[in-house]
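Each remark here refers to the structure printed beneath this line.
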Amino acid sequence: DARILASAIGERFSKDPSYIPSANERHNLRVALLYRPLSPDLISIQGLVHDADGQFAEALAAMQLANQISRRSSLASLWLIEAASNEGDVPSVVSHYHNALSAHPALRDTLLPVLAGGIVYPEIRTALAPYLARPANWTGPFLEVAAKSSNASNLQALLTPLPETLRDE
């Protein structure tokens, strides 16, 4: 079954990021993709295989495809956050955080403190502004974490001017 295969290989990558799938696992992945070519889980795992092989362009293409098919692929979202961060593409980083946080509330405990820590940077505050202006399902918990973990001046800079959606009128 494709989900079992994706889960098994994904678990191995999660335990050991330097994991290299065997030839048999790669073959099984290719066969599974033939039967389920639009499976975001399988495409994401294929992206990890490309990444493990040092094929960044192919890994990026696979992760972007998985993300386009379903924004619910946590693996693709997390990988794309890291890739955009490595490229210094702040708007894309925040967009991928939005996808991950919106689709996977269980990731909030891990991701929100990291994102809140980023508000020290003006470019991250700017990229977050649209998500505060039209609140997503994660903005309330994000503001709680940011209020607890950030200094007042960074929080004030994030909220100035105060988005209309946060005003009590």
Side-chain angles (χ1 to χ4, degrees), residues 6 10-11 13-19 40-169:
E11 190 173 311
F13 272 113
S14 135
K15 288 180 181 173
D16 178 10
S18 63
Y19 170 73
D41 293 335
L42 290 173
I43 295 168
S44 295
I45 295 297
Q46 183 64 52
L48 287 181
V49 171
H50 287 307
D51 194 29
D53 290 343
Q55 300 170 330
F56 179 78
E58 291 84 353
L60 178 61
M63 293 302 187
Q64 288 173 332
L65 178 60
N67 193 53
Q68 287 174 344
I69 292 169
S70 173
R71 298 213 187 274
R72 301 194 65 78
S73 172
S74 60
L75 177 57
S77 290
L78 294 173
W79 192 94
L80 289 167
I81 288 169
E82 187 68 24
S85 179
N86 289 340
E87 295 294 316
D89 184 354
V90 174
S92 290
V93 169
V94 174
S95 174
H96 293 305
Y97 265 99
H98 170 67
N99 290 343
L101 291 166
S102 295
H104 302 283
L107 293 175
R108 291 180 184 173
D109 288 344
T110 301
L111 296 180
L112 288 178
V114 177
L115 187 56
I119 70 169
V120 300
Y121 302 103
E123 57 271 24
I124 292 179
R125 293 193 301 263
T126 299
L128 283 167
Y131 301 100
L132 298 176
R134 56 177 199 292
N137 64 0
W138 55 269
T139 53
F142 166 73
L143 290 171
E144 289 177 24
V145 171
K148 291 176 185 173
S149 64
S150 302
N151 72 39
S153 62
N154 290 327
L155 192 57
Q156 182 179 12
L158 175 68
L159 297 173
T160 303
L162 188 63
E164 284 186 38
T165 54
L166 298 178
R167 294 181 189 157
D168 189 23
E169 297 177 31

- Item | Passing candidate, side chain to side chain contact (heavy atoms under 4.5 Å, CB included) with P91, options D89, V93, V94 |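 Of all the options given, the one that passes is D89.
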- Query: Would L158 and F142 count as a side-chain contact (heavy atoms from CB on, under 4.5 Å) if you check the C-alpha gap in whole Å, the side-chain angles of each, and the deciding distance to 0.1 Å?
  - Reply: CA-CA 12 Å; L158 175 68; F142 166 73; 3.8 Å; yes
Report yes if the side chains of [X] and [Y] come closer than 4.5 Å at any heavy-atom pair, otherwise no.
X: I124; Y: Y97; value: no
X: N154; Y: R125; value: yes
X: T126; Y: V90; value: no

- Message: Taking the six-membered ring of Y131 as reference, does the cationic atom of R134 (NZ for Lys, CZ for Arg) lie under 6.0 Å from its centre and within 45° of its axis?
- Response: yes
- Task: Could you walk me through whether W79 and H96 pass side-chain hydrogen bond (donor to acceptor under 3.5 Å, both in side chains), step by step?
- Result: CA-CA 9 Å; W79 192 94; H96 293 305; over 6 Å; no
Within this structure, what is the [atom1]-[atom2] distance for the pair [X] and [Y], rounded to the nearest 0.5 Å?
X: L115; Y: I81; atom1: CG; atom2: CD1; value: 8.5 Å
X: L80; Y: N67; atom1: CG; atom2: CG; value: 5.5 Å
X: N99; Y: W138; atom1: CG; atom2: CH2; value: 10.5 Å
X: H98; Y: N137; atom1: NE2; atom2: CG; value: 7.5 Å
X: I43; Y: L65; atom1: CD1; atom2: CG; value: 4.0 Å
X: T139; Y: L128; atom1: OG1; atom2: CG; value: 10.0 Å

- Query: Hey, is CG on D109 packed in by over 12 heavy atoms from elsewhere, all under 6.0 Å?
  - Reply: no
- Message: Take a 6.0 Å sphere around OH of Y121 and say whether it holds more than 12 heavy atoms from other residues, nucleotides or ligands.
- Response: no
- Task: Would you name the heavy atoms of A116 and S150 that are closest together and state the gap between them?
- Result: O-OG, 3.6 Å
- So, for T110 and V114, which heavy atoms are closest and what is the spacing to 0.1 Å? O-CG2, 3.5 Å
- Tell me, with the steps shown, if Y19 and L48 meet side-chain contact (heavy atoms from CB on, under 4.5 Å). CA-CA 10 Å; Y19 170 73; L48 287 181; over 6 Å; no
- Query: Does the distance from a Lys or Arg side-chain N to an Asp or Glu carboxylate O, for K148 and E144, drop under 4.0 Å?
  - Reply: no
